[in-house]
Structure formats: C-alpha cells, structure tokens
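Letters go in sequence order (proteins before strands), and every chain restarts at 1.
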There are 2 protein chains.
Amino acid sequence: MNRVFKALADPSRRRILQLLREGPLSAGDIARHFDLAKPTLSGHFAVLREADLVDQERQGTTIYYRLNLSVMEEALSGLMDSMGIGQGERAAHSPGLVKPGK
Amino acid sequence: MNRVFKALADPSRRRILQLLREGPLSAGDIARHFDLAKPTLSGHFAVLREADLVDQERQGTTIYYRLNLSVMEEALSGLMDSMGIGQGERAAHSPGLVKPGK
DNA sequence: ACTATATTTCGCTAATTAGCTAAATACCGT
DNA sequence: ACGGTATTTAGCTAATTAGCGAAATATAGT
C-alpha cells in the first residue's frame, strides 16, 4: 500500500494513469504524450507495475499497459477509511474540533 | 495538489494524520507515538502544513496541530474523479478492457 | 533577568529518485 | 541470419528527502 502512494506522488505517473483510463496503451503511445525520454517513462511504468496499479501485456513487439482500477480504488478508499472520510454511506464519526484541555 | 500527494507518500506522515483524526494534538503528543527525533517530526509537520493538510495553532508554549479534513477530501475525490472512480453517484464510464487494434 | 519547557531552524549525511544517453533484449519480417 | 522497431536495462548525474544532534527561538513562570 505504501508503494501505491509512492507511485501516486509523481505527477507524470498520475498522468499516465489518467491516460490509461480510456483503455490500454502501448509504452510508445504513452511516450508520445510526454516530453520525457523513453527510458525515463519505462522507469515510471516499473514503479506503477510494482505498485500493481497497472498490468503489462506483451503483444508482439509492443507492450500494452492496462490500468488496474481495483487496486487504486482499494488504496484510496482504504486511506479515506483510515482517515474517517465517509464515502457517502459510512456515517462520518466526525470528532469535530474537540478543543484540547486548554 | 501535488504537495498533497507528496505529503501522503510518507508513512509517518500518514500516521500523523491518522492520529489527528481524534482531535488536535501537540507536536510533543504526536512525537510520543513515534521513534523519531523531534526535529524530524517537525519537518514532517512542515510538509503537512505546506500541503495544507493540517493547521497549526499556538497555545502558550505548545503548538497544536489540527487535521484539515476538507483539503484531504478534496484531493482524494479530485484524484478519484480524474481516474473515473465513481464515488457512488457518478456512474462509472468503465472503458472495460477495450482490447487494442490487435 | 533567569530557568524551564516546547518546538523549530541549522548544518550535515546517507539514501532515494527522476532524468539522461548508450547499450542490451525481444520480437517480427524478409 | 539480418535489419528494423519497441522497450528495457545499465550506468551515470543532479536534485530531493528523511534522518540526526546541536543550537536557536518562543513563551511562561519566578
């Protein structure tokens, strides 16, 4: 789970994830959207893969990346939960500014 | 918004935020929960403050930190939104494995 | 003015990270 | 086997980060 947040900490990686929303893309397709060298992006892919945020699938000579939505959902809702942010249903515990002893 | 994700990328900082869920705590109170030197924690507080995830309030010689829930909510739901993760209401667009040209 | 307590700032080190170019690998077509 | 295209690995540099101890700052009480 830490890996997920580490992965999300970089803007380029977040943008990669956004691009993948529309469907799988090859490394090259993604690279076309960035002003970064391909090896740099390949590194980002590796981080995303290790966080299990994307899956890889080779198809001939090109490699397609596919968003792994459920992992992201789980991480985010896990954090929200641990923070007590109600997702709508879970009635907020809301400690509401309990002023300290003063 | 980038600052928020950067801030969330560190486990100690996430734990600090969790502690603050229950209500405001002084820097010293928080420090008692960690095995880190106070200057180190002070640095974490600074990061959280710059991300606007916590507010500071001096009370005599001690400084209380208070969770800024709304900023976190906004950042997370902003990300979920940009990722197309429905928060319940927004019907998922769900591109669902559109296999590429093949 | 002095002492004590709480917290931060300073100056440093070690580890991590994002970026690059060049070289290696993998697969396909001929 | 060779050449071409797609991507990754290797090896490097510069920037960032988390950690520390020591010193500085801020406030309160005497």
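- Side-chain contact between B:Leu67 and B:Leu53: absent, with no pair of heavy atoms (C-beta onward) separated by less than 4.5 Å.
- Residue pairs meeting the salt bridge (charged side-chain N to carboxylate O under 4.0 Å, His left out) criterion with at least one member in residues 32-54 of chain B, sequence neighbours excluded: B:Asp29-B:Arg32.
- To the nearest 0.5 Å, the span separating OG on B:Ser82 from CZ on A:Arg15 amounts to 12.0 Å.
- Atom pair A:Gln56:CD and D:dA6:C1' shows a separation of 12 Å (rounding to whole Å applied).
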Nucleotide N/O to protein N/O under 3.5 Å, stretch nucleotides 20-26 of chain D:
unit_1: D:dC20; atom_1: OP2; unit_2: B:Ala37; atom_2: N; d: 2.7
unit_1: D:dC20; atom_1: OP2; unit_2: B:Thr40; atom_2: OG1; d: 2.5

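- Scanning DNA chain C 5' to 3' for nucleotides with an atom closer than 4.0 angstrom to a non-hydrogen atom of chain A gives a first and last hit of C:dA18 to C:dC28.
- Applying the side chain to side chain contact (heavy atoms under 4.5 Å, CB included) rule to B:Ser42 yields no partners; only residues at least two apart in sequence or on another chain are considered.
- Tracing side-chain contacts under 4.5 Å through hydrophobic residues (I, L, V, M, F, W, Y), one never reaches A:Leu36 starting from A:Val47; they form parts of separate clusters.
- Note on A:Gln59: every side-chain N or O is 4.0 Å or more away from OP1 and OP2 of D:dA6.
- Inter-residue side-chain proximity for A:Val54 and A:Asn68 is flagged as unmet; no heavy-atom pair is nearer than 4.5 Å.
- Using a 4.0 Å cut-off, no side-chain N or O of A:Tyr64 falls inside it from OP1 or OP2 of D:dT7.
- For the segment residues 43-51 of chain A, the set of residues with a heavy atom within less than 4.0 Å of an atom of DNA chain C comprises A:His44, in numerical order.
- Sorted by residue number, the list of members of residues 1-17 of chain B with any non-hydrogen atom under 4.0 Å from DNA chain C is empty.
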Show me the side-chain donor-acceptor pairs of residues 3-11 of chain A shorter than 3.5 Å, one per line, residues at least two apart or across chains.
unit_1: A:Asp10; atom_1: OD1; unit_2: A:Ser12; atom_2: N; d: 2.8
unit_1: A:Asp10; atom_1: OD1; unit_2: A:Arg13; atom_2: N; d: 3.2

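- Using a 4.0 Å heavy-atom cutoff across all strands shown, A:Phe34 reaches no nucleic acid atom at all.
- Around atom CD of B:Gln56, more than 12 heavy atoms belonging to other residues, nucleotides or ligands sit under 6.0 Å away.
- If you take CD on A:Glu57 and CD1 on A:Ile63, they are separated by 10.5 Å, rounding to the nearest 0.5 Å.
- Take A:Thr61 and apply the side chain to side chain contact (heavy atoms under 4.5 Å, CB included) test, not counting sequence neighbours, and it matches no residue.
- Listed by first then second residue, pairs satisfying ring pair (Phe, Tyr, Trp, His ring centres under 6.0 Å) with a partner in residues 10-50 of chain B read B:Phe45-B:Tyr65, not counting sequence neighbours.
- From B:Leu25, atom CG reaches atom CG of B:Leu19 across 6.5 Å, with rounding to the nearest 0.5 Å.
- Here B:Ser77 contributes atom OG and A:Met80 contributes atom CE; the two are 6.5 Å apart, rounded to the nearest 0.5 Å.
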